[in-house]
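Below: one structure, written as structure tokens.
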Amino acid sequence: MTEFTIAPLKSYRRIVVKIGSALLVDRASGLKNDWLVSLGEDIATLAREGVEVLVVSSGAIALGRTILGLPKKSLKLEESQAAAAVGQIALAKAYADTLGQHDIRAGQILLTLSDTEERRRYLNARATISTLLKLKAIPVINENDTVATSEIRYGDNDRLAARVATMMNADLLILLSDIDGLYTAPPHKDPSAKHLSVIDMITPQIEAMAGAAASELSRGGMKTKLDAGKIANAAGTAMIITTGARLNPLSAIDRGERASLFKADEAPVNAWKTWISGNLEPAGTLTVDDGAVAALHAGKSLLPAGVTNVQGHFERGDTVAVCDLGGREIARGLISYDLSDALLIAGHKSDQISEILGYDARAAMIHRDDLVVRHCQDSEFIRGAQSC
Ligand code: GLU
């Protein structure tokens, strides 16, 4: 059997590269400059070959705490934010200097969750990043840690990078981390675990291989990487996970070093539906009966009659998850009603709605144009962690 090989990186049009903090920052000595220089060489090579590269880089907090000499113990929120403020400025300078060596400009973009979850801000962020690419500058993106508190954070840069990749219609997302891909079980726990070089689809069986979350926040663990993969793959973006713990980590992929490729879905949803399905925090949940599940799979809108339960805090236009009676998320969409009206009309026939609400209302709870249905019955939806 011939071994699977990943297509050369130059065959991709637009690549998002996510860099984990540990690759860039050493707790004691600070920035790992040699490594960054080698990454800069790889990026410059790809740019010369006509590939557009976007960087999503962690490291602000880790670098800031080293620069400020903060103790090893875990930091309070405001200390992390202060560390990020100091670290981010140093990180941005390091990227600007490194890419500048190749006569490439770097442009810093700091995002908060609402910049990608609110449609208008999403379009605005996309326009800015597109313009940077047109100007041949490399966007260097991170979460705006200085203002993001727990309720409004992405929390991990794996999911942020997936959101950026889908927003920018990239054809490849590369997650550089401390592990060279997905194994049939966590390899530090099971020495007989086998490496997987290609994954056609992230099914519950594949997710089970990732093991439990790495930490309470599962930051950087394999689970968040697979969550990122589901967001990316559904939108037509392939994903590679490999280790960044070597110099020239991108050309290492082309040299055939070990990596896992997660293939993009062959029939990706359109740009509008990509935005809906990649929404990271649905504002509510509608539970629907079997008839409604069948109607959604047949491409119909979700009518109030099939809705058996309504939960959450949402307004008209917010993203909600749609779950079947077994609690499995089967679709996600933009709701046509505020919570109070949705509660009143759930379970009622469409011709009764205007009378119940006292105004001439739309018939669908979620119109099919605003609805993304998961067709793979045995798989969880885009984010996976959603329970109804
Ligand atoms: N945004 C954080 C930082 O730059 C890192 C988040 C993550 O590593 O997932 O320090």
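Ligands are counted one by one from 1 in listed order, and the atoms in each one are counted from 1 as well. What you see below is based on every heavy atom in this structure, not just the backbone, and it leaves out hydrogens, waters and symmetry mates.
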Problem set entry | Residues that Glu117 engages under salt bridge (charged side-chain N to carboxylate O under 4.0 Å, His left out), provided they are two or more places apart |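 Counting only residues at least two positions away or on another chain, Glu117 forms a salt bridge (charged side-chain N to carboxylate O under 4.0 Å, His left out) with Arg163.
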For this session: Answer with side chain, backbone, both or neither: which part of Ile61 has a heavy atom less than 4.0 angstrom from an atom of ligand 1?
Result: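 Both backbone and side chain.
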Close N or O approach ([X], ligand 1; < 3.5 Å):
| X | answer |
| --- | --- |
| Asn157 | yes |
| Ala60 | yes |
| Asp156 | no |
| Asp145 | yes |

Problem set entry | Atoms in ligand 1 with a heavy atom of Asn142 nearer than 4.0 Å |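 Atoms satisfying the 4.0 Å criterion: 1 (N), 3 (C), 4 (O).
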Problem set entry | Between Asn248 and Glu41, a side-chain donor and acceptor under 3.5 Å |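 Side-chain D/A pair, Asn248 to Glu41: present.
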Exercise. In Å, rounded to the nearest 0.5 Å, how long is the span from CG of Leu63 to CG of Leu31?
Worked result: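 Going from the CG atom of Leu63 to the CG atom of Leu31 covers 5.5 Å.
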Exercise. Does Ala84 have a heavy atom less than 4.0 Å from any atom of ligand 1?
Worked result: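 Ala84 does not count as a contact of ligand 1 under the 4.0 Å cut-off.
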For this session: Check ring-ring contact (aromatic ring centres under 6.0 Å, His included) between Tyr12 and all other residues, then give those that pass, not counting sequence neighbours.
Result: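 Tyr12 satisfies ring-ring contact (aromatic ring centres under 6.0 Å, His included) with no residue once adjacent residues are dropped.
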Problem set entry | Test item: Phe314 and Asp338 side chains (from C-beta on) under 4.5 Å apart, heavy atoms |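 Phe314 vs Asp338: side chains apart.
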Exercise. Counting N and O atoms only, with roles assigned by atom type, does the side chain of Arg65 sit under 3.5 Å from a partner on the main chain of Pro71, one being a donor and the other an acceptor?
Worked result: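 Side chain of Arg65 to backbone of Pro71, a donor-acceptor pair under 3.5 Å: yes, one is there.
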